[in-house]
Amino acid sequence: MIRPGFHRPDIETMPRPELETLQLERLRGTVTRLRDRVPVMADRLAGLPDPTTLDDLRRYPFLRKADLRDNYPFGLFANERHELARIHASSGTSGKPTVVGYTREDLDVWADCVARCLRGAGIEPGWLLHNGYGYGLFTGGLGLQLGAEAAGIGVVPVSGGNTDRQLTLLHDFAPESICCTPSYAMTLAERLGDSAAGCSLRVGVLGAEPWTEQMRHSIEAALGIIAVNIYGLSEVIGPGVSCETADRDGLVIMEDHFLPEVVDAETGEPVPDGDVGVLVLTSLTKQAFPVLRYWTGDLCSITREPAPCGRTHARMSALVGRADDMLIIRGVNVYPSQVEHALLSVDGASPHFQLVVTRDGTLDQLAIRVEPEADAADALADRVAAAMQSALGLSVSVAVEPPGTVPRSEGGKLNRTADHRNL
Ligand code: DLL
């Protein structure tokens with residue numbers, strides 16, 4: 001039986017009033033740091049008073065990805081270049097990457113957050129963690145590495161890709177735990193085939209891309225593990241902003257370091273707990289790259305109810321999508337995650353799919369490439385089309401492809417949408 005453990009029980013179960021006092025004190029520190037050390041932010045904050053309550057946060061403007069681009073590479077850093085201990089970057093959709101920096105203290109905070117994630121997931125000190133997140137500028141590989149080391153968990157730094165080697169190491173080293181993207185966990189399970197059930201793994205810490213409950217069930221069943229969802233983004237620190245525990249009941253946000261808000265995507269006004277909106281995060285302790293009200297673009301809801309394991313920090317739902325991965329097809333909003341939900345309820349459809357968007361004259365067309373489960377191809381296209389019609393209110397064309405032909409993750413994040421519209 002895998003149970004949630006703790007890395008910092010004092011902090012993870014801190015009564016909320018105490019936590020909120022700590023947050024306010026730290027928020028004031030972040031605002032002061034930005035005023036004193038980041039001229040671009042000092043200008044933006046000019047004339048705005050310091051916060052005296054957590055709600056005062058709403059007075060400040062959002063920070064957006066475009067601000068990072070405009071101040072490329074180090075313009076928003078609060079430390080001099082020689083004071084940095086690490087730089088990471090994520091590839092932008094166009095042009096320059098998004099660059100983030102860490103001091104030594106920042107790396108310690110990050111390690112502490114990820115250690116909480118791993119222990120909460122039920123991974124025990126002394127176990128081995130097969131780390132299949134990419135090492136390098138991407139925060140996944142090195143972020144999980146840091147956290148595992150802080151928690152006394154041994155790391156196999158295999159990184160992403162080279163699936164044959166991954167399978168060999170999984171067999172030969174017999175790790176109890178694994179971390180990688182959920183789509184890559186599917187690839188590994190698929191390639192392990194019948195031997196998957198007998199593998200040594202017990203816990204998977206999967207994230208960096210959207211996945212559904214159904215996908216979790218398939219991964220858990222195939223690998224005989226419990227699979228928890230880990231969330232984070234480079235701009236805020238990397239993996240470890242939040243993570244489910246082994247109870248798999250919402251992603252616990254490391255609220256002593258990151259202050260969450262959920263706001264309406266159009267108005268930017270807060271939505272009530274439980275309602276879906278855009279997640280906005282403020283860092284409370286970061287030194288090199290403090291972020292005030294960072295607009296993540298990720299859609300989720302949060303609850304501040306304490307968790308059954310005793311954790312008091314707010315929990316977020318799995319992401320329901322990103323404000324910007326929404327496709328608008330003939331006026332209908334379509335999120336890839338909706339398609340996935342609908343698809344996985346169709347009898348005989350495998351979880352592998354790809355969305356293909358084309359434009360015929362002025363009309364957008366959505367096609368879905370799906371694969372059948374073994375021996376289930378009969379009338380699959382009709383069933384998928386009917387499920388999409390009812391889930392999306394849209395008619396889509398469905399192509400049933402031979403098993404193994406729809407793109408799989410080869411190690412990193414899987415992009416399930418091919419948009420050929422040149423918008
Ligand atoms: O993906 C950090 C990470 C590494 C998280 C390893 C978890 C595990 P970026 O490359 O900056 O950082 O991408 C951040 O990925 O804004 C989300 O849209 C998406 N994302 C991250 N985690 C999840 C998740 C890393 N659990 C962007 N579910 C975020 C859905 C996720 N989407």
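Counting starts at 1 for both ligands and their atoms, following the listed order. Positions are given from 1 along the sequence. Given the structure is predicted, the values throughout are model-derived calculations rather than measurements.
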Query raised in the report: Between D256 and R116, is there a side-chain N and carboxylate O pair less than 4.0 Å apart?
Result: yes
Query raised in the report: Quick one: which of K286, K65, R64, R293 gives a salt bridge (charged side-chain N to carboxylate O under 4.0 Å, His left out) with E235?
Result: K65
Query raised in the report: After noting the C-alpha distance and the side-chain angles of T285 and H257, does the key distance pass the side-chain hydrogen bond (donor to acceptor under 3.5 Å, both in side chains) rule?
Result: CA-CA 6 Å; T285 51; H257 296 297; 2.8 Å; yes
Query raised in the report: How would you list, by chain and number, the residues with a heavy atom under 4.0 angstrom from ligand 1?
Result: Y133, F138, T139, G140, G207, A208, E209, P210, N229, I230, Y231, G232, L233, S234, E235, P239, D298, L319, R322, K413
Query raised in the report: What pairs meet the salt bridge (charged side-chain N to carboxylate O under 4.0 Å, His left out) rule with one or both residues in residues 136-145, with sequence neighbours excluded?
Result: none
Query raised in the report: Who passes side-chain contact (heavy atoms from CB on, under 4.5 Å) against A318, sequence neighbours left out?
Result: N229
Query raised in the report: What residues form a side-chain hydrogen bond (donor to acceptor under 3.5 Å, both in side chains) with Y231, not counting sequence neighbours?
Result: D298
